[in-house]
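The analysis underlying the following values was restricted to heavy atoms, covering all of them including side chains, and did not include hydrogens, waters or symmetry mates.
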Amino acid sequence: MITTKLQPPHLRDVLVNRPRLLRMLDAATAGKLAIVSSPAGFGKSTLLAQWAAGHNASRVAWLSIDPPDNDLARFLKYLAAALQRVDPTLIENAEALIDSSPVTPVDSILTGIINHLSRASTPIFLVLDDAHLIVSTEIASFLNALVACAPPALRIVLATRGDLPLELSNMKMKGHVLSLGDADLRFSLEETEDYLTGVCGLDLNISAVVALHHKTEGWPAGLQLASLALAHEGSKEAFIADFSGSQRDVATFLAHDVLARQSTEIQEFLLRTSILDRFCLGLAEAVCPEIDGRAALAGVERSNLFLIALDSFGHWFRYHHLFGEFLRDKLAVWPPERRAALHRCAADWLAENGHVSDAVGHALASGDNDLAAGLVEKCAMPLIMQGHIPRVTEWLNQLPGSLVETRPRLLLARVWAQFHMSRPRQAARMLKQAKDLIRRLADEGALDRSTIRSLKAELRTLTAGVISASDRSRAASRLAAGWLQDYPEEEAFSRGTLANIGAFCHYSLGELDAARLFSLKARDYHGASNSVFGIVYSDLLLGLVEIAAGNLAAADEFLDRACRLARERLGSGSYAEAMTAIFQVELAYEWNDLLRAERLLCQHRQIIEECGLVVHEMACKLHLARLAAAHGRQDEAIVFLERAERLGIEKRYRRLTASALNERVRLLLLRGDVRAARLALRSRGIEPSGERSSLPIHPLEEYAHIGAARVLIAEGKPVNAIAILDRVAERMRQDGRLRGLMQVRALVAIAAHSAGETLLALAATVDTVTLALPQNAMRSLIDEGYPMRQVLEFARGRIPAWRRSSETANFVDRLLRELSRASGDRIRPAAVGQAPAKRALSSKETEVAALLMRAYSNRQLAQSLSMAPDTVKWHLKNIFGKLGVSNRTEAALKLREIGLDGSVERPFAG
């Protein structure tokens, strides 16, 4: 006998801990029969070996099945040997009985096992690994009888790649059979991270782990093959970006272990159906007219060929992504016209059977643009209503522009896409083009009255949206309020979107009550139109309003409701879920749950950066910067913030640009670079001034002024800073924007403490804690660093209630502990007004600097100074480093401040 067949596979020293599955196995093995079923490479044997080792290995009888074991006598010998390793007295004479009998004594063996175990009090677990290799009807009959008559002390576990020759229906009805499938065995994101970093020892960031997890769908074999390749890759990012089912190792595994074992007809079926994202019997028969589709599909399902059922009825299926990519790679050698014919067959069947959106891709792949354009017209608006804007955009990009320009529905779909991608200027041009086309077609009588009314309502909504996207919130909100009065009742989606636009405009202006009202109206309209995307966006806006109001728990409920609806109705990973989750990052960060914030951000960052509204993209960059800074990577954080500012300027979003600028100023001051902080403000047209003013500060500019106040505090002008902050705080208090008010009052406390204004410092600190406590808002205060710690310690020493046990005192203690942990004495601002030491510019650098101040380009610099372009870049890099700046604008401003003008020819000594 081959003894290794009678023991679980050897476990590596380091394995992924899977307590969730081990608990599921414990529950499954409490019954008569547990079945672990999945395609190759899902780690069934390893999981069962882990379970056996942790359960009670001495009570687990293990048998790995091989094809030769389909001989009944051989099978029974191995089965008896496996059981005897647990209980040597069990059917002791089995091998001799089998060898001496002219007919295999099946009944005697069966009776001996059942009778012996009927008297046992401790259960024995019989594991048959690779049970799908059993094809013998005699062995199947034996197993059926063994399962049916098994006493409570016998628990049977079968690991299989496919169907088993067992009669399970009656036992399932009685609740005697519990199963784990490939959906259960897939690695979760946490398990994927544990495997790649802990087991494989790969140095991967979370975004790389998330990317591999999505590409492999948690398939352990795919992750294993990817990890083997990654260990020898120079550029891990490039490998992960290109990783697919056509990778050499994955393709070899699939070719040798899966495809080569199938009949010619099944191989043909697999290749033809691989063009389909999902398929049912009718669709499979449409692309495989010469193949018995029902028999082929049953064969594929029975063999467990990486086929994933998409419904509980077994009507719709898809292939595992890596397997599908592998098959399509094989299909690529077919002649183009043959592949095009396959896609045309798929498009025709899908369109005829009501799956219009699924038909579009196949129509495009077949090369029939007119068919594709007609299909897009039918399904563009329903898809936009559900938030599938990237999908519609992709289709429009594949259609000839001349074709799109003749169809108003396609033009308006293009405007929706430009609007959602925050491209107001392009959207405005296309909107005018659509208006002109609709007017001309209406004059020609090519459109009926109902269509004209619907198109005009859509035009109004998009007009308000484009104006809003241009950061003209007041104008857009007025249009929305006026047009909503006389909108056609049947245009519920356009009404809902217009109300959402109004809600966002009021939110951006700080008018929270109006924003709430518009959001609730929008939610009702979108509910009537059954627009999941619209409902999600309404809840998102309600969440943003509550964040601004300082009701973070309520905001979390709105955002969570939106995410759950998006996942339930649109599937995990949708754009609608991502745009909501990006603001859940903000809550997690504020609550100092940095790990959750980082995971959420990595999970949804890509789709937001590819197709999110500027609001979401800016939020994404701000979160990246805050998390980087929280982990001590300040230079990286500043780079993210500079990108966010450039994006805000490009998209003309003042409020978000100001937020990014305020964050950058905070980080520059935190590391003591006061001059760089002032230059950052000056480069955006803001001059921190000691002059007092009573002029109101517009909500869109508030955070820029907060940044200016920070610089004034650092320069020893805290009284002037307080004057600015008080003007901001007054408007926030009137609007009920308590989260911003908390942040402003924290800065007032810091400024007052710096100025020696004891009473004001104490009052502002009490306000800050009073506002922060109900929100559990911590990170806004932790990020203020050492000055915030000083203020809190100062106040705690003078407020008796903060030294007694209470909710407030506990909150202050938590803040101080986190402030100590985050900064301690490591990070203290430089002395007030102190600038980084200057380093002298060489004579050549002074020449370069003089021309730089006259706005010479790199090319002009090279020509004027007779330098190579690379030499110019090298000098500029040195100048930037000595000045402590990161770009040409900041360098020019700092050079002027230190007394160098464009005509100076002499070296400057610091």
Side-chain angles (χ1 to χ4, degrees), residues 1-12 15-16 18 21-22 24-29 31-72 74-87 90 113 123-136 138-140 142-144 146-147 150 154-166 168 177-182 184-186 219-221 224 253 257-258 261 302-306:
M1 281 192 172
I2 303 171
T3 55
T4 53
K5 287 166 56 69
L6 303 176
Q7 58 194 38
H10 177 70
L11 294 175
R12 296 173 58 187
L15 284 171
V16 175
R18 311 194 72 183
L21 281 181
L22 295 176
M24 291 176 70
L25 270 176
D26 281 337
T29 53
K32 277 191 174 185
L33 177 64
I35 300 175
V36 182
S37 176
S38 71
F42 274 81
K44 297 180 293 295
S45 301
T46 302
L47 175 66
L48 286 171
Q50 283 181 283
W51 169 79
H55 194 272
N56 186 348
S58 64
R59 303 301 297 173
V60 176
W62 186 284
L63 174 58
S64 296
I65 306 294
D66 293 323
D69 294 333
N70 277 288
D71 176 81
L72 179 60
R74 175 187 170 94
F75 172 82
L76 291 177
K77 285 182 183 180
Y78 270 110
L79 178 68
L83 291 168
Q84 286 168 3
R85 290 170 71 93
V86 176
D87 184 354
L90 186 57
I113 294 172
I124 286 179
F125 300 90
L126 172 61
V127 178
L128 299 183
D129 195 16
D130 288 333
H132 59 277
L133 295 175
I134 296 173
V135 295
S136 164
E138 294 176 307
I139 296 176
F142 173 87
L143 289 175
N144 277 322
L146 181 63
V147 172
L154 178 61
R155 319 283 173 79
I156 300 171
V157 183
L158 304 179
T160 175
R161 291 189 188 182
D163 285 345
L164 296 166
L166 299 179
L168 301 176
V177 182
L178 292 173
S179 301
L180 277 72
D182 53 301
D184 301 308
L185 269 64
R186 295 178 194 280
W219 179 37
Q224 180 185 13
F253 174 81
D257 279 37
V258 179
R261 300 184 179 187
R302 185 168 54 252
S303 300
N304 224 339
L305 289 176
F306 299 94

[X] vs [Y] side-chain heavy atoms within contact, under 4.5 Å:
X: Trp51; Y: Val36; answer: no
X: Leu79; Y: Ile113; answer: yes
X: Leu158; Y: Leu33; answer: yes

Report yes or no: does [X] contribute a side-chain atom to a donor-acceptor pair with the main-chain N or O of [Y] at less than 3.5 Å?
X: Arg18; Y: Leu47; answer: no
X: Lys5; Y: Ser64; answer: yes
X: Asp129; Y: Ser45; answer: no

Nearest non-hydrogen partners of [X] and [Y], listed with the distance:
X: Arg59; Y: Ile124; result: NH2-CG1, 3.3 Å
X: Ala131; Y: Ile65; result: CA-CG1, 4.4 Å
X: Ala52; Y: Pro8; result: CB-CG, 4.4 Å
X: Tyr78; Y: Leu63; result: CB-CD1, 3.7 Å
X: Gln50; Y: Val16; result: NE2-O, 3.1 Å
X: Pro39; Y: Lys44; result: O-NZ, 3.2 Å

Rounded to the nearest 0.5 Å, what's the gap from [atom1] on [X] to [atom2] on [Y]? Could you check?
X: Asp69; Y: Lys77; atom1: CG; atom2: NZ; value: 12.0 Å
X: Ile134; Y: Asn70; atom1: CD1; atom2: CG; value: 7.0 Å
X: Ile139; Y: Asn144; atom1: CD1; atom2: CG; value: 12.0 Å
X: Leu128; Y: Trp62; atom1: CG; atom2: CH2; value: 10.0 Å
X: Ser38; Y: Arg161; atom1: OG; atom2: CZ; value: 8.5 Å
X: Asp66; Y: Arg74; atom1: CG; atom2: CZ; value: 7.0 Å

Side chains of Trp219 and Asp182, donor plus acceptor under 3.5 Å
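There is no such pair between these side chains.
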
Give a yes or no on this: more than 12 heavy atoms of other residues, nucleotides or ligands lie within 6.0 Å of atom CD of Gln7.
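Yes - once you tally the heavy atoms of other residues, nucleotides and ligands closer than 6.0 Å, there are more than 12.
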
Just do the side-chain contact (heavy atoms from CB on, under 4.5 Å) check on Phe75 and Leu143 with the steps written out, would you?
CA-CA 11 Å; Phe75 172 82; Leu143 289 175; 4.1 Å; yes

Passes side-chain contact (heavy atoms from CB on, under 4.5 Å), Asp184 versus Leu21? Steps please.
CA-CA 7 Å; Asp184 301 308; Leu21 281 181; 4.1 Å; yes

Which residues pass the side chain to side chain contact (heavy atoms under 4.5 Å, CB included) test with Pro67, sequence neighbours left out?
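Only Leu133 meet the side chain to side chain contact (heavy atoms under 4.5 Å, CB included) criterion with Pro67.
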
